[in-house]
S.K.: 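Can you keep this structure in mind? I'll have questions shortly.
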Amino acid sequence: MTTKGSGRARAADGRAPGLAALAGLIADVSRADCLLALLDGRAWTAGELARHAGVAASTLSEHLGKLVAGGLLAEERQGRHRYVRLADARVAQLIEDLAAQVGSDAAAERPRTLREASAGSAMARGRTCYDHLAGRIGIAVTDALTAHGLLGTYKETDTGFVLTDAGLRWFDAAGIVLEHRGRRPLARACLDWTERRPHLAGVAGAALCRHALDEGWCVRIGSERAVKVTASGERALFELLGIEAAALC
């Protein structure tokens, strides 16, 4: 919209400038690469992110300053080290949802090295999506919860999933504590960018992932977000949800 007698355009919706600014923060390959790396839910140093993105430390520092100022990253300092992490679960959801829109195109590109192919295969098999399980492992767990009537189908609520009363009892019996604080939904559907189907996120997804890592059902592999299910994890998931080991590979 352009006001009369002025050559400057004014946004009809007052949120438009903020939305444009947010999009501008993400619309840089190095910054987008950092945001995707931070989906592992951990804090990274500026040096680690600089090496990951393949840019100079000074350049990366400027990028991080913009992301922190824009509210996408939170910053922590310990001695001489500067750590950054995604600001919160809502930012993680935004990044993962955007990544899901380009997942199929990215997956179509042929890996350039054997290491890339191995890393891509591991990420597709299982990974953390900020603080919950994704990939084939995440889908297998979500499907099993749904099949046992513990999780409502994603069409039933605005957040995509809903824990049933039986589901709440299952989490309690399994010793998985659901710390429901703030505005984060108890259960939420998150579109998986490799499987192109929703997996469980929200408070329940985070609690299940944390429990799986704490109990040794899953372990992190490599320096990326990839995880794999251990032998004890295979036994636990079969006993609790009837998931066959083949579905976790």
Side-chain angles (χ1 to χ4, degrees), residues 35-44 72-74 76 83-100 123 125-146 148 150-154 156-195 197-221 224-230 233 236-237 240-241 243 248:
L35 291 168
L36 288 169
L38 290 166
L39 278 174
D40 68 357
R42 294 178 287 186
W44 289 47
L72 295 181
L73 298 185
E76 301 174 10
Y83 292 88
V84 293
R85 64 171 70 246
L86 295 181
D88 52 35
R90 293 177 65 188
V91 173
Q93 178 184 342
L94 171 66
I95 301 304
E96 187 72 11
D97 287 348
L98 289 174
M123 287 280 281
R125 180 177 60 246
R127 63 186 182 277
T128 53
C129 173
Y130 186 54
D131 61 0
H132 53 273
L133 294 171
R136 291 194 294 276
I137 293 173
I139 292 297
V141 170
T142 301
D143 285 349
L145 288 168
T146 303
H148 284 77
L150 309 177
L151 189 66
T153 59
Y154 67 94
E156 293 180 6
T157 66
D158 292 339
T159 57
F161 283 135
V162 58
L163 277 183
T164 63
D165 290 340
L168 291 170
R169 291 193 296 271
W170 181 88
F171 271 84
D172 184 58
I176 305 175
V177 179
L178 299 177
E179 299 178 353
H180 196 186
R181 297 193 299 263
R183 298 172 58 187
R184 192 177 191 188
L186 188 59
R188 182 181 67 79
C190 180
L191 181 61
D192 197 294
W193 63 265
T194 52
E195 296 300 303
R197 295 174 54 205
H199 56 244
L200 176 63
V203 172
L208 182 56
C209 178
R210 183 169 58 252
H211 189 80
L213 291 170
D214 289 346
E215 293 296 313
W217 297 355
C218 294
V219 293
R220 296 185 185 274
I221 54 177
E224 300 289 341
R225 294 188 281 145
V227 298
K228 67 177 181 180
V229 177
T230 63
L237 291 173
L240 290 169
L241 291 170
I243 301 175
L248 305 170

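The figures here come from the full heavy-atom set of this structure, side chains too, leaving out hydrogens, waters and symmetry mates.
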S.K.: Identify the heavy atoms of Arg127 and Asp192 that sit nearest to each other, and give their distance.
M.R.: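 Residues Arg127 and Asp192, closest heavy atoms: NH2-OD1, 2.9 Å.
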S.K.: Going through the checks in order, is the side-chain contact (heavy atoms from CB on, under 4.5 Å) test met by Leu73 and Leu35?
M.R.: CA-CA 8 Å; Leu73 298 185; Leu35 291 168; 3.9 Å; yes
S.K.: If the condition is side-chain contact (heavy atoms from CB on, under 4.5 Å), which residues does Leu163 pass it with, not counting sequence neighbours?
M.R.: Leu151, Leu168, Phe171, Leu178, Leu186, Ala187, Ala204
S.K.: Here's a test for you: under side chain to side chain contact (heavy atoms under 4.5 Å, CB included), which of Leu133, Val219, Asp40 qualifies with Val227?
M.R.: Leu133
S.K.: Only counting residues at least two apart or in another chain, list the ones meeting side-chain contact (heavy atoms from CB on, under 4.5 Å) with Val177.
M.R.: Glu179
S.K.: When you check the gap from the basic side-chain N to the acidic O, do Arg90 and Asp88 get nearer than 4.0 Å?
M.R.: no
S.K.: Test side-chain contact (heavy atoms from CB on, under 4.5 Å) on Thr164 and Trp170 and set out the steps.
M.R.: CA-CA 10 Å; Thr164 63; Trp170 181 88; over 6 Å; no
S.K.: Just jot down the salt bridge (Lys or Arg N to Asp or Glu O under 4.0 Å) partners of Arg136, sequence neighbours excluded, or say none.
M.R.: none
S.K.: To the closest 0.5 Å, what do you measure between CG (Leu98) and CG (Leu191)?
M.R.: 11.5 Å
S.K.: SG of Cys218 to CG of Leu248: how many Å apart, nearest 0.5 Å?
M.R.: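 Here the interatomic distance stands at 8.0 Å.
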S.K.: Determine the minimum heavy-atom distance between Cys129 and Arg225, stating which atoms define it.
M.R.: CA-NH1, 3.7 Å
S.K.: Report yes if some heavy atom in the side chain of Thr194 is under 4.5 Å from a heavy atom in the side chain of Met123; otherwise report no.
M.R.: no
S.K.: Can you confirm whether Leu241 sits close enough to Val141 that some side-chain heavy atom of one is under 4.5 Å from a side-chain heavy atom of the other?
M.R.: yes
S.K.: Is there a side-chain contact between Leu145 and Phe161 in this structure, where contact means two heavy atoms from C-beta onward sitting under 4.5 Å apart?
M.R.: no
S.K.: Locate the shortest heavy-atom distance separating Ala43 from Arg85; write the atom from each residue and the value.
M.R.: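 Heavy atoms of Ala43 and Arg85 come nearest at CB-NH2, 3.5 Å.
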S.K.: With rounding to the nearest 0.5 Å, note down the distance linking NE2 in His132 to CG in Leu200.
M.R.: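 It is 8.0 Å, given to the nearest 0.5 Å.
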S.K.: Answer whether the closest heavy-atom distance between the side chains of Tyr130 and Val91 falls below 4.5 Å.
M.R.: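 Heavy-atom side-chain distance check fails, nothing below 4.5 Å.
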S.K.: Between Thr128 and Arg220, which heavy-atom pair has the shortest distance, and what is it?
M.R.: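 For Thr128 and Arg220, the tightest heavy-atom pair comes out as OG1-NH1, 3.4 Å.
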S.K.: With rounding to the nearest 0.5 Å, note down the distance linking NE2 in His211 to CD1 in Ile176.
M.R.: 4.5 Å
S.K.: State, to 0.1 Å, how close Ile221 and Arg125 come at their nearest heavy-atom pair, and which atoms those are.
M.R.: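 Nearest pair, atom of Ile221 first, then Arg125: CD1-NH2, 3.6 Å.
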S.K.: Please report the closest heavy-atom contact between Ile243 and Ala144, naming both atoms and the distance.
M.R.: CG1-CB, 3.6 Å
S.K.: Can you sort out the partners of Gln93 under side chain to side chain donor-acceptor pair (under 3.5 Å), two or more places apart, ordered by chain and number?
M.R.: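 If we apply the side chain to side chain donor-acceptor pair (under 3.5 Å) test to Gln93, skipping adjacent residues, the hits are Arg188.
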S.K.: According to salt bridge (Lys or Arg N to Asp or Glu O under 4.0 Å), who are the partners of Arg184, at least two apart in sequence or on a separate chain?
M.R.: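 Expected list: Asp131.
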S.K.: How long is the straight-line distance from OG1 of Thr142 back to CG of Leu150, given to the nearest 0.5 Å?
M.R.: 11.5 Å
S.K.: Hey, could you give me the CD1/CD1 distance between Ile137 and Ile139, rounded to the nearest 0.5 Å?
M.R.: 11.5 Å
S.K.: Going by salt bridge (Lys or Arg N to Asp or Glu O under 4.0 Å), name the residues that satisfy it together with Arg197, two or more places apart in sequence or in a different chain.
M.R.: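 Counting only residues at least two positions away or on another chain, Arg197 forms a salt bridge (Lys or Arg N to Asp or Glu O under 4.0 Å) with Asp143.
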S.K.: Side chains of Trp217 and Leu240, heavy atoms from C-beta outward: is any pair under 4.5 Å?
M.R.: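 Yes - at least one pair of side-chain heavy atoms lies under 4.5 Å apart.
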